[in-house]
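Below you'll find the structure, written out as structure tokens, and then a few comments.
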Amino acid sequence: MKKWHSFIILFLFPVLIISCSKKDNPVSTENQGAVSLPSFSFQGPNTRSTDQYAAQTKTQISSANNYAQIISSAFIHISPSKNGNIWSWVWQAGGGATETLTGLKNTDGSVSWELVLNGNIYGHNYSNRKIMDGNTSADEKNGNWNVYDENTTILVNRLSWTTDEDGVVSGTLTNYSYSLETGKKEIINRPDKSGELRVYDENNVITFQSIWKTDGSGDWKSYTDGLEASSGSWK
């Protein structure tokens with residue numbers, strides 16, 4: 001995971017700076033009805049507590065939001081082109097490399113996404129190197145993202161989420177090494193802003209859990225070999 005994360009951050013770093021510097025000048029588009037860049041994100045506890053476990057909870061949840069945030073930050077100021085029901089955003093990188101994000105709008109309004117790299121960058125040559133793909137429902141209440149290894153199509157991470165009829169969001173971020181699961185985290189967000197985080201190791205054994213209330217206060221538990229080892233709370 002760290003290898004891929006470093007690669008994608010380095011690759012997108014210049015465009016992230018550009019995006020941040022141009023927030024006052026959003027790009028307009030003539031493509032009426034174009035698919036929107038993904039914006040779904042999980043919410044952690046709304047607290048200013050300095051408790052380390054409250055901070056750990058917020059950090060764990062933020063990591064699950066990296067995928068859509070990286071895409072939206074990189075392409076938000078680029079106007080997409082349209083070919084039938086496919087919209088494409090193209091970023092020109094140094095040395096002639098390009099990164100292309102495509103969104104295929106399906107008949108039910110859902111969107112199938114793919115992020116592809118072509119050309120030479122940082123001394124490596126890529127040809128249709130798929131970085132990510134995924135699907136989001138029309139309202140983004142359901143979806144998934146898949147992240148692939150730098151030089152292969154081996155799955156590195158998978159993020160998925162669903163929303164039930166009561167508005168409760170349940171998500172899972174799973175890490176892989178050569179297609180073998182190496183750990184995961186499960187996140188629950190409720191409409192009243194309460195929620196839960198559970199972290200598991202490569203053997204699917206729980207290592208950490210936190211539960212927070214509407215006001216942002218919460219309780220945490222740490223586990224060793226699946227057994228509760230310590231616990232506490234934050235205000």
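Just so you know, these numbers come straight off a predicted model, no measurement behind them.
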### Query
In chain order, what residues pass the salt bridge (Lys or Arg N to Asp or Glu O under 4.0 Å) check against Lys213, with sequence neighbours excluded?
none
### Task
Any chance you could lay out the side chain to side chain contact (heavy atoms under 4.5 Å, CB included) test for Ile187 and Ser170, step after step, and finish with the verdict?
CA-CA 6 Å; Ile187 303 169; Ser170 300; over 6 Å; no
### Message
Do Tyr176 and Thr182 have side chains that approach each other closer than 4.5 Å (heavy atoms only, starting at C-beta)?
### Response
no
### Query
Going from CD on Gln209 to OG on Ser222, what distance comes out if it is rounded to the nearest 0.5 angstrom?
11.0 Å
#### Entry: Remaining members of hydrophobic cluster (4.5 Å side-chain criterion), Val168
Ile188
### Query
About how many Å separate NZ of Lys184 and CG of Leu173, when rounded to the nearest 0.5 Å?
11.0 Å
### Message
Checking Trp212 against Asn46 for the side chain to side chain contact (heavy atoms under 4.5 Å, CB included) test, could you report, in this order, the C-alpha distance in whole Å, the side-chain angles of both residues, the deciding distance, and whether it holds?
### Response
CA-CA 9 Å; Trp212 60 94; Asn46 183 20; over 6 Å; no
### Query
Are any of the side-chain heavy atoms of Leu115 and Phe75 separated by less than 4.5 Å?
yes
### Task
For residues Asn120 and Asn125, report the shortest heavy-atom separation together with the two atoms involved.
N-OD1, 3.7 Å
### Query
salt bridge (charged side-chain N to carboxylate O under 4.0 Å, His left out): which pairs involve residues 109-125, sequence neighbours left out?
Glu114-Lys130
### Query
Would you say the side-chain atoms of Thr207 pair up with the backbone N or O of Asp201, donor to acceptor, closer than 3.5 Å?
no
### Message
Once rounded to the nearest 0.5 Å, what's the spacing between atom CG of Asp133 and atom CG of Leu104?
### Response
12.0 Å
### Query
Remaining members of Val90's ILVMFWY cluster at a side-chain heavy-atom cut-off under 4.5 Å?
none
### Task
Not counting sequence neighbours, list each pair that qualifies as a salt bridge (charged side-chain N to carboxylate O under 4.0 Å, His left out) and has a residue in residues 217-228.
Lys221-Glu228
### Task
Report yes if some heavy atom in the side chain of Leu197 is under 4.5 Å from a heavy atom in the side chain of Phe208; otherwise report no.
yes
### Message
Quick check: closest heavy atoms across Phe42 and Ser160, and the distance to 0.1 Å?
### Response
CZ-O, 4.5 Å
Please table the atom pairs, donor to acceptor, closer than 3.5 Å between any side-chain atom in residues 136-145 and protein atoms at least two apart or in another chain.
| residue | atom | partner | partner atom | Å |
| --- | --- | --- | --- | --- |
| Thr136 | OG1 | Trp113 | NE1 | 3.0 |
| Ser137 | OG | Asp139 | OD1 | 2.8 |
| Ser137 | OG | Glu140 | N | 3.2 |
| Ser137 | OG | Lys141 | N | 3.1 |
| Ser137 | OG | Asn142 | N | 3.1 |
| Ser137 | OG | Asn142 | O | 3.3 |
| Asp139 | OD1 | Lys141 | N | 3.0 |
| Glu140 | OE1 | Ser39 | N | 3.0 |
| Glu140 | OE1 | Phe40 | N | 3.1 |
| Glu140 | OE2 | Ser39 | N | 3.3 |
| Glu140 | OE2 | Ser39 | OG | 3.1 |
| Asn142 | OD1 | Thr163 | N | 3.0 |

Donor-acceptor contacts under 3.5 Å from residues 47-63 side chains, at least two apart:
| residue | atom | partner | partner atom | Å |
| --- | --- | --- | --- | --- |
| Thr47 | OG1 | Ser49 | N | 3.0 |
| Thr47 | OG1 | Lys235 | O | 3.3 |
| Ser49 | OG | Asp51 | N | 3.1 |
| Asp51 | OD2 | Tyr53 | N | 2.8 |
| Asp51 | OD2 | Ala54 | N | 3.1 |
| Thr57 | OG1 | Tyr53 | O | 2.8 |
| Thr57 | OG1 | Ser210 | OG | 2.9 |
| Lys58 | NZ | Thr47 | O | 2.9 |
| Thr59 | OG1 | Ala55 | O | 3.0 |
| Gln60 | OE1 | Lys185 | NZ | 2.6 |
| Ser62 | OG | Lys58 | O | 3.0 |
| Ser63 | OG | Gln60 | O | 2.6 |
| Ser63 | OG | Lys185 | NZ | 2.7 |

### Task
Without swapping roles, check the side chain of Lys82 against the backbone of Gly84 for a donor-acceptor pair under 3.5 Å.
yes
### Taking every non-hydrogen atom, the tightest pair across Trp89 and Ser79
CD1-C, 4.5 Å
### Contacts of Glu196 that satisfy salt bridge (Lys or Arg N to Asp or Glu O under 4.0 Å) - sequence neighbours left out
Arg198
### Query
Using a side-chain heavy atom cutoff under 4.5 Å and only I, L, V, M, F, W and Y, what cluster partners does Tyr178 have?
Ile154
### Query
Ser110: what forms a side-chain contact (heavy atoms from CB on, under 4.5 Å) with it, not counting sequence neighbours?
Asn106, Asp108
### Task
Mind listing the closest non-hydrogen atom pair of Pro45 and Gly216 along with its distance?
CB-O, 3.8 Å
### Query
Can you tell me if CG on Asn204 sees more than 12 non-hydrogen neighbours from other groups inside 6.0 Å?
yes
## Note on the structure
Note: Thr224 and Ala229 closest approach over all heavy atoms is OG1-CB, 3.6 Å
### Message
Starting from Ile78, can I reach Met132 by hopping between I/L/V/M/F/W/Y residues whose side chains sit under 4.5 Å apart?
### Response
yes
### Summary
For Arg158, the salt bridge (Lys or Arg N to Asp or Glu O under 4.0 Å) test, sequence neighbours excluded, returns none
### Query
What is the distance from atom OG1 of Thr172 to atom CH2 of Trp161, rounded to the nearest 0.5 Å?
12.0 Å
### Query
If you round to the nearest 0.5 Å, how far is CG of Asp149 from CD1 of Ile131?
12.0 Å
### Query
Between Asn135 and Ser112, which heavy-atom pair has the shortest distance, and what is it?
OD1-OG, 2.7 Å
### Query
Is it true that a side-chain atom of Asp164 and a backbone atom of Asp166 form a donor plus acceptor pair closer than 3.5 Å?
yes
### Query
Tell me, do Leu101 and Trp91 make a side-chain contact under 4.5 Å, heavy atoms counted?
no
### Query
How is the hydrophobic cluster of Tyr223 composed, in terms of its other members, when Ile, Leu, Val, Met, Phe, Trp and Tyr link through side-chain heavy atoms under 4.5 Å apart, directly or indirectly?
Tyr200, Ile206
### Query
What distance do Leu117 atom CG and Thr98 atom OG1 have between them, rounded to the nearest 0.5 Å?
7.0 Å
